[in-house]
Q: 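Questions regarding the structure given below will be posed in turn.
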Amino acid sequence: MEMKEMYESMGICSQVLEFGLKIEKQLKERFEAIDETAEYNQMKVIRAMQECRVSDIHFAATTGYGYNDLGRDVLEEVYAKTFRGEDALVRPQVMSGTHALHIALSGNLRPGDELLSPVGKPYDTLDEVIGIRDAVGSLKEYGVTYRQVDLLPDGSFDFEGIRAALNDRTKLVTIQRSKGYATRPTLSVDRIGELISFIKSIRPDVICMVDNCYGEFVERREPLEVGADMIVGSLIKNPGGGLAPIGGYIVGRKDCVERAAYRLSAPGQGKEVGASLGLNQSFFQGFFLAPTVVAGALKGAIFAANIYEALGFDVVPNSTESRHDIIQAVTFGKPGAVIAFCKGIQAAAPVDSFVTPEPWDMPGYDAPVIMAAGAFVQGSSIELSADGPIKPPYAVYFQGGLTWYHAKLGILMSLQKLAEAGLVTL
Ligand SMILES: *Cc1c(COP(=O)(O)O)cnc(C)c1O
C-alpha cells in the first residue's frame, strides 16, 4: 500500500495529507536541529546511566518500607548526574507535578519566610498550595507569605520590581519555565540564568527553584546549569518518556532535596524510605527514551503551529519562534473549531480512539472544557493530548506525542475534522 492509501485508510483525505506534507517539507532544517538536541541529550542520559553502573539488579521490586532500595537510589543518582544536581528525589510516592512542587516549597519554607515569584502568577494548581486562593493546608496557613512581580508587557523581567520585592524575609524564589496556560512567553534556560544571576547578586543566599514542567530535554542545558538550586517536575510529562505510570522529581542542592524528602516521608526518615514497588524499570527506561520522545512532541508542536498559522489562525508560539517547552496554543475564535480539533486528536489516538470528547463543566473551571486524550497513562501530557475551555478567544492547548508520526497523524486528523465541518478551506 502506498503511504497516501495508508493515510486514506486512517480517514485522512488526500487534500489534507498534501497540505500537511507541503508544510512538513518546509520544516526540514528545524527538525534536524531538534534531532541534534535529542542526540546530545540521549548521550547525556546514557553517559549518566553508564557512570552509575545501572544494572538489571536495579529493576528489582521492593515493598514495605523500601530500605536499601538499590534501584531507587541509583535512579536518583542518574537524574542528579543528567540534570547536574548534587542530589535527587525521584519517587512514585510523588503523585504529580503539583505534589512535587508542594513538597519542594513546604519542605524549604518556614513560618515567617516569604516566597517570591518574579515571573508572574504560577500554574493554577499552585494557587491553593501557596494560598493565593485560600485553602486548607496552604503555605499561607503556615505563616509563609507570598509576593509576585509580573513580567513587563513586552515579556521582559521587571528587574526594578524584583529588586524592590526581595527583602530580608525572602527565602525562596520560584521561577516557572513553561508558560503553562498563561499568555506570557516560555523562558529559555539562558533567560532563567540571567534572572537567577540578578537575584543572587542582590540576595546570594535565596533559594532559586525552577518549575521545570514541560521543559526537560527541550534544550541541551537544564536550569541547574545556570545557577538554579532546585528543579522540579512530573514524570507523566517529559522525563518519564511515556513509560513512567506515576511520579515526580526534585533535583538540586543536597540540603534542598533533603528538606523536601523529610516533607515527603517524615522528619528523620527522608530519602531512606519509600518502596519502588517494581516501577524502577519503567522509570529508567522512560528516562532513557525521554530525549527522543520530547523531540517527537516538539516536532508535532511546530508542525501544528505552521499548519494553523498558514490557515490564518493565531498560534503561540508562532511558526518560526524558538521552542523552550512542548506546549502549543492555537486560537480558533470559534467554539466549533475547538471541538473539531479535539475530536481529531481523540480519533487519532491508539487508545480510546472510538470515544467522542464533549465539553463539560469541570470543577475549578469557569467555562465548559473539552479534553482529548487517548493515553496509556491517565492524564499523561507527554502523550498526545489537547484541551480547550469553551470561552473566548476559543483557543486549544495541546502537547505531547510519544512518536512524531503519532503527533503528525493527530494534527492531520484535527485538520480533517475542521475541513469536514467546513471550518477551514484548504
Ligand atoms: C503540569 C504542570 C504543573 C502541575 O503538574 P501536575 O502533574 O499536573 O500536577 C505545574 N507547573 C507547570 C508549569 C505545569 O506544566
Side-chain angles (χ1 to χ4, degrees), residues 89-106 115 117-130 132-133 135 137-139 146 148 151 172-189 191-192 195 209-219 222-223 228 230-242 244-251 260 264 283 286 290 294 297-298 301 316-317 323-329 362-365 369 371 373 375 377-387 396-400:
L89 185 69
V90 186
R91 302 288 170 116
Q93 286 81 13
V94 177
M95 288 176 270
S96 63
T98 304
H99 187 202
L101 288 158
H102 167 59
I103 60 172
L105 290 170
S106 58
L115 167 67
S117 171
V119 296
K121 198 180 93 55
Y123 196 75
D124 279 359
T125 56
L126 293 182
D127 284 4
E128 288 167 287
V129 169
I130 295 170
I132 296 171
R133 261 188 296 146
S138 69
L139 288 169
Y146 171 70
Q148 176 178 315
L151 295 174
L172 195 152
V173 171
T174 179
I175 300 166
Q176 186 178 308
R177 179 171 174 180
S178 168
K179 66 182 170 309
Y181 302 125
T183 48
R184 69 157 172 95
T186 287
L187 302 176
S188 66
V189 172
R191 286 195 69 203
I192 290 171
L195 178 58
M209 179 188 90
V210 174
D211 174 351
N212 210 27
C213 282
Y214 288 131
E216 299 91 350
F217 297 124
V218 171
E219 297 184 45
E222 299 291 338
M230 245 193 315
I231 58 174
V232 183
S234 162
L235 298 200
I236 64 167
K237 293 180 180 170
N238 305 14
I246 190 170
Y249 77 86
I250 300 170
V251 182
L264 173 66
F283 286 180
V294 169
L298 272 175
V316 181
R323 301 274 159 162
H324 310 291
D325 69 13
I326 62 167
I327 300 178
Q328 181 64 48
M362 275 177 57
Y365 291 82
V369 180
M371 293 193 164
V377 172
Q378 187 200 94
S380 167
S381 46
I382 187 60
E383 299 189 51
L384 191 63
S385 46
D387 52 72
V396 297
Y397 298 87
F398 89 99
Q399 64 273 314

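Counting begins at 1 with the first residue of the sequence. Owing to the predicted nature of the structure, the values given are computational and were not obtained by experimental measurement. Ligands are counted one by one from 1 in listed order, and the atoms in each one are counted from 1 as well. Hydrogens, waters and symmetry mates are skipped; everything else that's a heavy atom, side chains included, is used.
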Q: So, the side chain of Arg133 versus the backbone of Leu126: is there a donor-acceptor pair under 3.5 Å, distance only?
A: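 Answer holds: no.
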Q: Apply side chain to side chain contact (heavy atoms under 4.5 Å, CB included) to the pair Met371 and Met362, showing each step before the final yes or no.
A: CA-CA 10 Å; Met371 293 193 164; Met362 275 177 57; 3.5 Å; yes
Q: Counting only N and O atoms by type, is there a donor-acceptor contact under 3.5 Å from the side chain of Gln328 to the main-chain atoms of Pro317?
A: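 Checking the backbone N and O of Pro317 against the side chain of Gln328, a donor-acceptor pair under 3.5 Å is found.
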Q: Counting distance only, does the side-chain N/O of Glu222 pair as donor-acceptor with the main-chain N or O of Phe217 below 3.5 Å?
A: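 Yes: the side chain of Glu222 pairs with the backbone of Phe217.
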Q: Do side-chain atoms of Glu383 reach the backbone of Val377 as a donor and acceptor pair under 3.5 angstrom?
A: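 It does hold such a pair.
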Q: Okay, side chain of Ser178, backbone of Thr186: is any donor-acceptor separation there less than 3.5 Å?
A: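 No, the answer is negative, given that no donor and acceptor are paired below the 3.5 Å cut-off.
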Q: Tell me which residues fall inside the under-4.0 Å heavy-atom shell around ligand 1.
A: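 The 4.0 Å shell around ligand 1 contains Ser96, Gly97, Thr98, Leu101, Tyr123, Gln176, Asp211, Cys213, Tyr214, Ser234, Lys237.
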